[in-house]
Each structure stands twice: as C-alpha cells, then as structure tokens.
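The structure appears right after this line, and notes come after that.
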Amino acid sequence: MPQALAAAEEAARTPHSHAGDQTGWRFYRAGQQPSWADPARRDEVCADLSGRPVLTRLPDLLRLRRELAGVAAGDSHVLQAGDCAEDFAECTPEHAARKEEALARLAGVIAAPTGLPVVRIGRLAGQFAKPRSAATEDVNGRQLPAFRGHIVNSEAPDPASRRHDPDRMLRAYRAAKAVADALDGRHARNPADGTRTWISHEALVMDYETALVRFDESAGGWFLGSTHLPWIGERTRHSMGAHVRLLADVMNPVACKVSGKVQVRDLLDVVERLDPGREPGRLTLIARFGKDDVRTLLPPLAQAVKNAGHPVVWLCDPMHGNTYKASNGLKTRRLDDICDEIRGFVSALRGVGVRPGGLHLETAAEDVTECVGADVPDEAALTARYTSLCDPRLSPVQAGLAVDTFVSAL
Ligand code: PEP
Ligand code: CO
C-alpha cells in the first residue's frame, strides 16, 4: 500500500498533526486491537463517543503533571493501584468510594513514615481493556477467544459472550463516567482534603481512546479526555506503534511499562517520543521486571534514561513480572516475590542515583484471596474469594505489607 506508507511518512514528519483524527493512527501498527464483530456499528459508536463530554479537564491534567514533577524532584511519592481489569458491575458510586478509601489508606502507609505527600492514582474509571499474549484461552478444556476486558467482551465462558462487541465501548464510557463523577463528587464535598484520586488506565483500544481526544483552543493542543494518566502497556510500547504515537500527541501526563525485554536503544526511542521536551511530570516509567531481573536489568536502563536528560518518575510494578500458575490452575503471585522485587527496585535505582518514585499495584478493596502470603497462607486458600476478572490482586493486608516494604527500603 504505497499510498498508506506515504501518508504515514508524511504524518511522521509533521508531529501533532493527527491526534484526535480518528483515522490517522491507523497508519501505524496498533497491536492488541479488537476484531469487532460489526465494523459498521463500531464506526457509529466512535462517532457517538466523539460527541460526548469527556471525563477529564485540561487544568486537572496540568495539575497532575505538576504533582508528578514534584515526585520527580523528590518532594512526594506516587501510589498507583487498583484492579487489573475493572468490572462493569462494580462501577457504582459505592464501589468507587470503597476503592478510593482503600487507596487513601495505602497512601497513608507511605505518607506517615516519610512525612511526604502521596499522589494517589487509581487504576479505575476506564481500566477495562486487557492485552493478551494469546488470541484464545483454554476454559475448562474448551478453546475460546480470550477475554479482553469488559470494553471488548465478557468473561462468560461461551463463544457468544466472547465476541468483540463495539457497543461495549459505550458501556465502558458510561461505567467510567459513573466512577469519575462519583470521585469528582466526593472531592467537591471534601475540598479541604486537598488531595484527590486521579484516574488512570492502559490506553489500549484505539477506537475508544481516539474518540475521546479533544482539542483545547486556549492551549492550542490535544488532550486525552478518557483519563488523567493513560499508560502504554508492555505489549504495545513500540516507538513507531500507534499507542506511542497517540500518547506522544496529547498534553496529559503519560506513563509506559518497561521490562527487561526492552533494549536500551528502543527505550530511549520511546522516551524521546513521549518526552521530547524533557519536562518533569510528563513521563512516568513503570518498571515490571520480575524479582530475578530487576537488580541487574533495571540499572542500565534507568542510567540511560537519566543520561539522556529525561526527568522521569520511576514506579515499581512488582506484580506483572511475578505471575505464575498455582497447582490448582489459578493465576497467582507470591507476596514474598512482590516484596523482593520492591526491594530490588529501590536498590537498583539507588545504585544509579535515581529516585524511586513509588508503587504501581494490583489491589482489591475487599479481602480477596488471589495472591499467596500473609492472610492467604497457601495455594489451597486461593479458592475462597478469588474474584478477579484477570490478574490476581493483593488483599488490603497484603497491599499494606507491600507498601511497608517500599517505605522500609527507602
Ligand atoms: C497490567 O498492568 O494489567 C498489564 C497488562 O501490564 P503489562 O502491560 O505490564 O503486562
Ligand atoms: Co494485570
């Protein structure tokens, strides 16, 4: 397709030309996209979303950027936490309140001993899309299309529920808005509190995200109105890919996952695209190396980013590099491994003179039994309250211990 290639090259030469253009990103490779069952309906849904109010406001995005700049400067820490995959059924104001309270309690575990403020960021109000390593999955001996998050399909184990339904993007919008509105309402009722819970999710489904990009006339630029802090996942962070292109063009603070699979050169490419101005608060890197690799593989990457002059915030995601299958088949993680990675993260960064900015965790507000350790003594105990739609989350007790580990390692 020489025409498409020529257009892509032209777009690459003229940055900031295609944000919000719902076709421009199609010139770039976008991994992990749904195969919508009804493409015509997809177009209608995107057109509908394009006309709806967005969930976030530019002044708030800029305020979060300033708060993250404070983290980069050493004045505060970040706690980013929540579900691996949010559930449409749990997007009520009551659920939002419980999640915010759980997050605030954990933030207190950092704030009290350090005496520094904590920037609280929920994995919520839009955390509905999941990248998957395989297109299909085995459910009780049956091969089914993989569950890709409620914005795409349902976790119910039958082929009809697993089809990629574009109307789910509208349901995702409504569910996310309900949570965002609930948090805004709580914040408005407690303005004296000063702090608020920012919202974040993996910006994965390009149809949805691009439909919620808006242009701000006074700032003369684009912003992504689906969330405050969008992040790019481990599987979609190619510097020439659609996801990086989209986040490069919006004024939000943005984040990107980093693992030991990335080469220094490739990481510097991504970081250059996302933070060409080397602006504190613009870019957060979320390290998810696994306990065995973090001490050896993180230091050269952090050193290279520092040498290139990017004042990024580094967070530790000690979850995604430490997942394994329990003997009963459940996906799980050991709290010991998680704490080990947290200690390794802090020492790895300290070794190259870079500040550990905080934690990125998968947590539940209820006392789930999804990870092993503390109040979940062994793998046999996992079956009691395993309710995650996707990855195993820490219970409040386990999360408190993980956060404690971070503080003690500082
Ligand atoms: C996640 O955060 O749920 C996730 C899928 O992470 P990663 O992209 O790092 O695998
Ligand atoms: Co996850």
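Both counts, for ligands and for their atoms, begin at 1 and track the order of listing. As the structure is a prediction and not an experimental result, all values here were calculated from the model. The figures that follow rest on heavy atoms only: side chains count, while hydrogens, waters and symmetry mates do not. Sequence positions, counted from 1, serve as the residue numbers for this chain.
In the vicinity of H320, heavy-atom distances shorter than 4.0 Å reach the ligand 1 atoms 1 (C), 2 (O), 3 (O), 4 (C), 6 (O). For ligand 1, the atoms lying closer than 4.0 Å to a non-hydrogen atom of R123 are 1 (C), 2 (O), 3 (O). Counting the atoms of ligand 1 from 1 in the order shown, those under 4.0 Å from a heavy atom of E234 are 7 (P), 8 (O), 9 (O), 10 (O). Each of the following atoms of ligand 1 lies closer than 4.0 Å to a heavy atom of G233: 8 (O). The E362 neighbourhood of ligand 1 comprises atoms 1 (C), 2 (O), 3 (O), with distances under 4.0 Å to a heavy atom of that residue. Distances below 4.0 Å separate heavy atoms of C84 from the following atoms of ligand 1: 3 (O). Distances below 4.0 Å separate heavy atoms of K130 from the following atoms of ligand 1: 1 (C), 3 (O), 5 (C).
In this structure, Q127 has no heavy atom closer than 4.0 Å to ligand 1.
Metal site remark for the Co ion (ligand 2): C390 contributes no N, O or S atom at a distance under 2.8 Å.
Within the 3.5 Å criterion, the main-chain N or O of T227 finds a donor-acceptor partner in the side chain of T56. Checked by atom type and distance alone, the side chain of R333 never pairs as donor or acceptor with a backbone atom of Y324 at under 3.5 Å. The backbone N or O of L394 sits nowhere less than 3.5 Å from a side-chain atom of T363 that would complete a donor-acceptor pair. Formation of a donor-acceptor pair under 3.5 Å by the T92 side chain with backbone atoms of H95 is found in this model. Without hydrogens or angle criteria, D317 side chain to R288 main chain gives no donor-acceptor distance under 3.5 Å. Counting only distance, with no hydrogens or angles, the side chain of R385 and the backbone of D367 share a donor-acceptor pair below 3.5 Å.
Nearest N/O/S atom of E362 relative to the Co ion (ligand 2): this is OE2. In terms of distance to the Co ion (ligand 2), the nearest N, O or S atom of H320 is named NE2. Within D391, the N, O or S atom at minimum distance from the Co ion (ligand 2) carries the name OD2.
Side-chain contact of E209 with H201: a donor-acceptor pair under 3.5 Å is present, judged by distance alone. A donor-acceptor contact under 3.5 angstrom links the side chains of R148 and Q32, judged on distance only.
Residue contacts with ligand 1, taken as heavy atom pairs separated by less than 4.0 Å, involve P131 solely via side-chain atoms from C-beta onward. Here M319 has no heavy atoms under 4.0 Å from ligand 1, in either its backbone or its side chain.
Ligand 1 has no N or O atom lying under 3.5 Å from any N or O atom of E202, backbone or side chain. The shortest N/O to N/O separation between W231 and ligand 1 does not fall below 3.5 Å. For ligand 1, none of its N or O atoms has an N or O atom of H360 under 3.5 Å away. Residue R288 has at least one N or O atom closer than 3.5 Å to an N or O atom of ligand 1.
Annotation for N140: atom CG does not count as buried by contact number, only 12 or fewer foreign heavy atoms lying within 6.0 Å.
Each of F147, Y173, Y208, F88 was scored for a ring-ring contact (aromatic ring centres under 6.0 Å, His included) with F128, with one residue passing: F88.
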